[in-house]
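Structure, as structure tokens:
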Amino acid sequence: MTDVKPWKDVIEAARLERNWVTRVELGSRIIAIYDTPGGIYASLALCNHGGADLCDGYFDGYVIECPLHQGAFDVRNGHPVSAPATRPMKVFESRVENGMVQIRA
């Protein structure tokens with residue numbers, strides 16, 4: 001038997017900042033929701049390198065840049081794409097269902 005986390009509603013899709021990052025709170029977690037050319041992606045909002053809020057960073061297509069040290073990550077898989085980031089960021093499976101962005105968290 002697999003342990004699959006349930007989908008959780010996080011924000012109405014219509015409330016997302018188009019082609020940008022939207023900050024949402026899910027319980028005690030801060031989540032970054034990315035509106036990309038290929039769909040919606042989600043990650044923890046705090047950079048794992050310096051703890052800065054990625055929602056305040058520069059976003060371009062599929063890459064989010066940390067506002068503190070300019071390390072960057074691919075939002076599709078969390079992999080670092082530029083130093084000083086070296087560890088993947090935490091990403092969540094996401095989808096849009098009935099007008100709601102949902103994640104498995």
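Atom set for the values below is all heavy atoms of this structure, side chains included, hydrogens, waters and symmetry mates excluded.
- The two residues His69 and Pro84 have their closest heavy-atom pair at O-CD, 3.4 Å.
- Residue Cys47 holds its SG atom at 10.0 Å from CD1 of Ile64, rounded to the nearest 0.5 Å.
- Once rounded to the nearest 0.5 Å, the distance linking CD1 of Ile31 with CG of Leu54 reads 11.5 Å.
- In this structure, CG on Asp74 lies 8.5 Å from OH on Tyr41, to the nearest 0.5 angstrom.
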Evaluate Thr36 against Phe59 for side chain to side chain contact (heavy atoms under 4.5 Å, CB included), listing each step before the verdict. CA-CA 9 Å; Thr36 77; Phe59 181 59; 3.7 Å; yes
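- Rounding to the nearest 0.5 Å gives a distance of 11.5 Å between CG of Asp53 and CG of Leu68.
- Remark: the Ser43 side chain and the Tyr34 side chain contain an N/O donor-acceptor pair separated by less than 3.5 Å.
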With side chain to side chain contact (heavy atoms under 4.5 Å, CB included) as the criterion, how do Phe92 and Gln102 come out once you've worked through the C-alpha distance, each side chain's angles and the decisive distance to 0.1 Å? CA-CA 10 Å; Phe92 302 99; Gln102 298 179 328; over 6 Å; no
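- Two different hydrophobic clusters hold Leu46 and Tyr58 under the rule that ILVMFWY side chains link at heavy-atom gaps under 4.5 Å.
- Judged as a salt bridge (charged side-chain N to carboxylate O under 4.0 Å, His left out), the pairs with a partner in residues 96-105 (not counting sequence neighbours) are, in order, Glu93-Arg104.
- If you take CZ on Arg23 and CD1 on Ile33, they are separated by 12.0 Å, rounding to the nearest 0.5 Å.
- Ser82 places no side-chain N or O within 3.5 Å of a backbone atom of Gly71 that could act as its donor or acceptor partner.
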Could you walk me through whether Leu44 and Ile30 satisfy the side chain to side chain contact (heavy atoms under 4.5 Å, CB included) test, starting with their C-alpha distance in whole Å, then the side-chain angles of each, then the deciding distance to 0.1 Å, before giving a yes or no? CA-CA 6 Å; Leu44 286 178; Ile30 307 299; over 6 Å; no
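- Taking hydrophobic clusters as Ile, Leu, Val, Met, Phe, Trp and Tyr residues chained together by side-chain heavy-atom distances below 4.5 Å, Val63 does not share a cluster with Ile40.
- The line from CE of Met100 to CH2 of Trp7 is 13.0 Å long, rounded to the nearest 0.5 Å.
- Heavy-atom minimum distance, Ala42 versus Ser94: N-OG, 4.1 Å.
- Contact between Val75 and Val91 at its shortest, heavy atoms only, is O-CG1, 3.9 Å.
- What you find for Gly57 and Pro67 is that their closest heavy atoms are CA-CD, 3.8 Å.
- Remark: side-chain polar atoms of Thr22 are paired, donor with acceptor, to backbone N or O of Glu17 under 3.5 angstrom.
- Tracing side-chain contacts under 4.5 Å through hydrophobic residues (I, L, V, M, F, W, Y), one never reaches Val101 starting from Trp20; they form parts of separate clusters.
- Taking both residues in full, the closest heavy atoms of Ala85 and Phe73 are given as CB-CZ, 3.5 Å, listed atom of the first, atom of the second, then distance.
- Of the possible donor and acceptor atoms, none in the side chain of Arg76 sits under 3.5 Å from a partner among the backbone N and O of Tyr62.
- The backbone N or O of Val21 lies less than 3.5 Å from no partner atom in the side chain of Asp35, so there is not a single donor-acceptor pair.
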Check against side chain to side chain contact (heavy atoms under 4.5 Å, CB included), Val10 and Glu25: CA-CA 8 Å; Val10 291; Glu25 294 182 20; over 6 Å; no
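- Closest non-hydrogen pair, Ala52 versus Cys66, comes out as CB-SG, 3.7 Å.
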